[in-house]
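Note sheet for the following structure.
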There are 2 protein chains.
Amino acid sequence: MSQRRVTIADVAEHANVSTAAVSKVLRNAYGVSPAMQTRVQEAIAALGYRPHAAARGMRGQTYTVGVLVPDVRNPFFPELIEGMVEHLGATNYQVLLGPGGSEPESQSRSIDAMVDRRMDGLILIAPIVGRRALEETARAVPTVVIGRHGRSADYDAVVDDDQVGAGLVVDHLADLGHRRIAHIEHRYTRRGSPTTMPQTVRAEGYRRAMERRGLGGYVDVVASTYTEEGGYTATKELLARPVRPTAIFAGADAAAIGTLNAVHEAGLSVPGDISVAGYDNTAIAALGPISLTSVDQDGHLMGVNAARMLLERVEGTRERSALLTLSPTLVVRRSTAPPPT
Amino acid sequence: MSQRRVTIADVAEHANVSTAAVSKVLRNAYGVSPAMQTRVQEAIAALGYRPHAAARGMRGQTYTVGVLVPDVRNPFFPELIEGMVEHLGATNYQVLLGPGGSEPESQSRSIDAMVDRRMDGLILIAPIVGRRALEETARAVPTVVIGRHGRSADYDAVVDDDQVGAGLVVDHLADLGHRRIAHIEHRYTRRGSPTTMPQTVRAEGYRRAMERRGLGGYVDVVASTYTEEGGYTATKELLARPVRPTAIFAGADAAAIGTLNAVHEAGLSVPGDISVAGYDNTAIAALGPISLTSVDQDGHLMGVNAARMLLERVEGTRERSALLTLSPTLVVRRSTAPPPT
DNA sequence: CTGAAAGCGCTAACAA
DNA sequence: TTGTTAGCGCTTTCAG
């Protein structure tokens, strides 16, 4: 299997310097003369040397940022990831994604795996592991959590104001004249601290907004999952109510898609019979035939900022933990209209 | 930042054995008595020890499989990834994904990064790097390439028969009575060996099938990209033809979505005015309002097999390179119908 | 500014 | 079967 890889020793020999000198050049460390700098760089180029990240990690950094991706199918995550990659692509750091799955156990496994591989920093997208475990890893390696509300002294956080987002939807629907506005929530049946999860905040935001609009008596939440299937099932349930809702606010576009399918299947029309709104403003929502009213989170911006905040911690520029809250906007499309008269 | 991590030395001390013994237990290596086995395992549990993957990699393996993901937005890739994760989840190996981007340069960077981190094996999803470079990395670390046609002595490959798939679509449309069947191809303007790429084989399969059906005179290929925007642009171009096609076969669902948007925007209906077919049978294709006729590749199966084949190489069970070709099927939905009369 | 030497946590080869 | 020892490729003191 091929010849031995070029190592720092080869470069040192080729350039007639010590390995320590090469190491310094590699890291732009203090204390190298311009002459040596160029000598070493020439040797590196001549030999096609690439430092061995795993070995570097044994003493210093691995120059790797790990990103926990709970659900590889969630179409919102690519926005985040592209934001991170864009920001980190300009640095020496490499991004590696850990497919975490939707269970706390599998996510923990993935997180541990990244820690065990000596990643310099971690970005966790809406992790559903317990707060305790979260803070423990955050104390071991700089961590930015995306999507979970509530601040921590140990990790930085980037969140979108889900409560405001839910309010935008309820206001929009109420303004159109809807009263029977139902909500589809994502709920996992595990322990943890659910109040900090986006889905909980969205559901709570929905409730508060309904009350604020004097629609407290119409509050109707179905617990399901933020998946197409979850939306489908929940909608079936809603359509079977003695008195049907005139609008369904799904907590995520993925679920809203399932809602559209179920409504479609029931022979009802959107928005003629029922208005449907989603959350995340996924690319799917913008599709002509779908045209789903949805809350936009600017995932790209969230990703960029998460990466930026993480680097500040990795490089020690900032000590104290920070929380960045971004504001959502509502994108109105053709899936919402006044209720049938 | 927390206390020192538990190392193999701590475990050895706690269990009153040598570090070598612990190492052996860790790897189920030959030559450990049951007694020591349990002693060590108890110590591991007691201290909450997790081996340091990066350090292991310095001498042995990292127990990490790297997957190059060119486009995090492509909805077909999650199928592959879930297949891999499912298969590898039952082993000691961890999956990490490298976001490669759609440029050869960024992909190479990502691949190198995974090699530099001593991954035990690589799965490359439709990489667009040159064959030379591909074989070079394959000689450095066991590699399975997904989606590129043509065999290699250095790497294993898993492909779906794209030529057959394109033929299925053309046959279906021709059977419906279409003649003006246009095709949207993905083309990047770089060097490389494009004939082995799926998009090239699909386009070629389209051409051959058209000729086979006596429609050689109607061949109409627009070079664009397998993205929503690419499909949109290409369709705009097709709709501007003096004589419009009656059917558009987009080489990927993502592009087909763009096609649907463009057709929709032009005030035309699908399939009334124009039939549209995609490729990959993505989850989006199945959505009620979309209902896109598409070629199904069983990405899950491809992922599982890629992972299986890779492990065979990593663990040395198989020496010779292998090529696995799977067959596609056509899923007919409501986006295709006879041409307008 | 430069280099020698120690050691990061682990595994492999060898000795006991 | 078990333990000892020598590194893997790099960074980091700390002398020179």
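Chain letters run A, B, ... following the sequence lines, proteins first and then strands; every chain starts at 1.
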### Query
Given atom OH of B/Tyr30 and atom P of D/dT2, what is their separation to the nearest angstrom?
12 Å
### Query
Of the nucleotides C/dT2, D/dT2, C/dC10, which one has an atom closest to the side chain of B/Ser33?
D/dT2
### Query
In residues 48-65 of chain A, which ones come under 4.0 Å of DNA chain C, going by heavy atoms?
A/Met58, A/Arg59
#### Entry: Interatomic distance, B/Gln37 CD vs D/dT2 C1' [rounded to whole Å]
14 Å
### Shortest side-chain distance from B/Ile8, nucleotide among C/dC10, D/dG3, D/dT12
C/dC10
### Summary
When rounded to whole Å, the NZ to P distance for the pair A/Lys24 and D/dT11 reads 12 Å
### Task
Would you check, one step at a time, whether the test side chain to side chain contact (heavy atoms under 4.5 Å, CB included) holds for A/Val95 with A/Thr64?
CA-CA 6 Å; A/Val95 178; A/Thr64 311; over 6 Å; no
### Message
For a quick check of understanding: with a heavy-atom distance under 4.0 Å over all strands, which category does B/Ala20 fall into, base, sugar-phosphate or nothing?
### Response
base
### Task
Take atom CZ of B/Arg117 and atom P of D/dG9, then tell me their distance rounded to the nearest Å.
17 Å
### Message
Is B/Thr7 close enough to C/dG9 that one of its side-chain N or O atoms is under 4.0 Å from OP1 or OP2 there?
### Response
no
#### Entry: Heavy-atom closest contact (A/Met119 atom, B/Leu96 atom, distance)
CE-CD1, 3.7 Å
### Message
Let's see if you can work this out: which of D/dG9, C/dT2, D/dT12 has an atom nearest to the side-chain heavy atoms of B/Arg118?
### Response
D/dG9
### Query
Is any NZ, NE, NH1 or NH2 atom of the basic residue among B/Glu105 and B/Arg109 found under 4.0 Å from an Asp or Glu carboxylate oxygen of the other?
no
### Task
Give B/Arg27 one of three labels, base, sugar-phosphate or nothing, depending on what nucleic acid heavy atoms sit under 4.0 Å from its own.
sugar-phosphate
### Task
Identify whether any heavy atom of A/Val22 sits under 4.0 Å from a base atom; if not, whether one sits that close to sugar-phosphate; answer base, sugar-phosphate or nothing.
nothing
#### Entry: Closest heavy-atom pair and its distance - B/Asn92, B/Tyr63
O-CB, 3.8 Å
### Task
Measure from the side chain of A/Leu26, starting at C-beta and using heavy atoms only, and say which of C/dG3, D/dT11, D/dT1 lies closest.
D/dT11
### Query
Is it the case that B/His300 and B/Glu86 place a side-chain donor and acceptor less than 3.5 Å from each other?
yes
### Message
Counting C-beta onward and ignoring hydrogens, is there a side-chain heavy-atom pair between B/Arg148 and B/Leu134 closer than 4.5 Å?
### Response
yes
### Query
What closest approach, in Å, do A/His52 and B/Asp116 show between heavy atoms, and which atom pair accounts for it?
ND1-O, 3.4 Å
